[in-house]
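What follows is a set of notes on a single structure, which appears directly below.
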Amino acid sequence: MPNSSHALLSVFEAHGIDRVFLVPGESYLGILDALYDFPGIDAVTCRHESGAGFMAVADGRLTGRPGIVLVSRGPGATNASIAVHTAQQDAIPMILIVGQVPRADLRREAFQEIDYRRMYGTIAKWVFEATDPGQLAEAAFKAIRVATSGTPGPVVLVIPEDLQQQQVTQPRWLAREPASTKPDDATLRELLRQLAAAERPLIVAGGSFEKPGGREALCALAEAWHIPVALSFRRHDLFSNRHPLYVGELGLANPQVQIDAFRQSDLILALGTRFGDITSQGYSFPDLPRPAQTFVHAYADDHMVGLHFAPDFGLVCDPIELARALTPAGRPDASQTRVAWAGQLKEIFQAHAAWPQRKADDGIDFAQVVRTVRERANADAIVCLDAGTFAAPVYRHFGFVPPQRLMAPLSGTMGYGTPAAIASQLRFPGRQVICMVGDGGFMMTGNEMIAAVERKLPILFILANNASYASIRIQQELHYPGRTVGTRLFNPDFEQLARAFGMRAQRVERAEDVAGAIESGLAGDGPRFIEVKTSLSVTLPERRS
Ligand SMILES: Cc1ncc(C[n+]2csc(CCOP(=O)(O)OP(=O)(O)O)c2C)c(N)n1
């Protein structure tokens, strides 16, 4: 007999949700039991709620639908919080379902009880605690709407265990297309006039272009008007990094000369980006509160438009539709000034994009590994990254070309890489998935790679082992030179560990063995694991004597 949990799950199913990530718990046994009756929903069992949560975040990013994660109360819910934070910072639709103590015990400090409305209040878009079994279907429907609309983000549904297997009328909450939004004709005409007149325009494009058709719309707009494109923080995969109009990402390591050049623009089209902390270089580019150039900010969330920088045109709309509306059928002639401007920005970008020539005598320079992966990666490869300094050469030098994907957390959280790789390969079984992770981040969620063995997912895991939390060590050397504390790592034998998980594993200790290892790692079935003994010294700032 279908019950309240069936009602909840059938709303998810009606919205195309075909996978959930979970660590089981007694507090949501009723929902777990209902899952048994949904063979079309793949239940991925994880080993830690952070891993389950990161998988849901990655899945949400890849599908545009909310990634779903189910966890137990108290301990499970606290473990999952890192993913809620990541979904919020990364603007990814995600729904966390938490089993709750029975209603009769609410607010009595019952076993493993937490008031999730307070706990998640500031990091989730919406936290809803059900009080009646009839609410579950409607709550699921609204959770999907909230998670996917405006700035996408995390929603938490809290379901007391006594509500999970009640008789309810089955739902009629059907999937609904989001409303289409486009600026009015007069505004569009004025924007077209501005586009034609600008001499030094610059597009700054962000995550909203991840949706199907977004990359194409962005490219068509830039090409039609010959406008250089900078991408917002860690959104390298939205526009070909090898396109003549690509002028870089606004991230953590832009040279001053590049930002100074961007400042010379006379029109900024900030499309589909929140223009937050890192993209705006700590709220310093463009000028606060009113940019020096004409500033167009288009984003689907009213709250975000002009939140930091006062726009001349603040447009609450779908940036993809706007890009389409601003793309003329033909190509207006680009002025000499505009061509020279795009060329100047490109030159600055290229000077910065040159591969480092560094001498490493305490291990392999991980940049060499990245370069080798880049040369051999498929045209549709999905590259999943954990947080750490090993990843810097990927951001600076990989040169993503759509449909290649970069799956890296904007929140900078460690532990994301391995679960993201699992979720990516599950979502796209036919695509090449390459995961790069540091020895620090790997020890946080690397256990999730057992799913790759269980499900025979052909992921290539590359572990950068420098026996250090190097990103923090770098900061120590910069701010407190020579006073190393808490950043050295004593590690297990990773090669043996991967073998014990059931993987083909190899350790690489010499630069001349990198290419062969990666080549064989990218071939064959099932997951493969390469541990690279990497140089710490090449990543550290030079000591001032
Ligand atoms: C969950 C989490 N904890 C702590 C940090 C702070 N942090 C950022 S990078 C880093 C070190 C990463 O070390 P590792 O994975 O070995 O990569 P490496 O920097 O050595 O290349 C730390 C501790 C973080 N970003 N996320």
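Numbering of ligands and ligand atoms starts at 1, following listing order. These values consider heavy atoms only, across backbone and side chains, with no hydrogens, waters or symmetry-generated copies.
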Check whether any side-chain heavy atom of Phe12 lies under 4.5 Å from a side-chain heavy atom of Ile95, and answer yes or no. yes
Quiz: residues 153-161 side-chain donor-acceptor pairs under 3.5 angstrom, not counting sequence neighbours:
residue : atom : partner : partner atom : Å
Glu161  : OE1  : Arg73   : NH1          : 3.2

Taking only heavy atoms of the protein into account, state which residues are under 4.0 angstrom from an atom of ligand 1, in chain and number order. Ile82, Ala387, Gly388, Thr389, Phe390, Gly412, Thr413, Met414, Gly438, Asp439, Gly440, Gly441, Met444, Asn466, Ser468, Tyr469, Ala470, Ser471, Ile472
Is the closest basic N to carboxylate O distance between Arg234 and Glu249 below 4.0 Å? no
Any non-hydrogen side-chain atom of Arg473 less than 4.5 Å from a side-chain atom of Ser468? yes
Holding to ring-ring contact (aromatic ring centres under 6.0 Å, His included), I want the full list of residues that pass it with Tyr469, two or more places apart in sequence or in another chain. none
Applying side chain to side chain donor-acceptor pair (under 3.5 Å) to Ser50 and not counting sequence neighbours gives His48
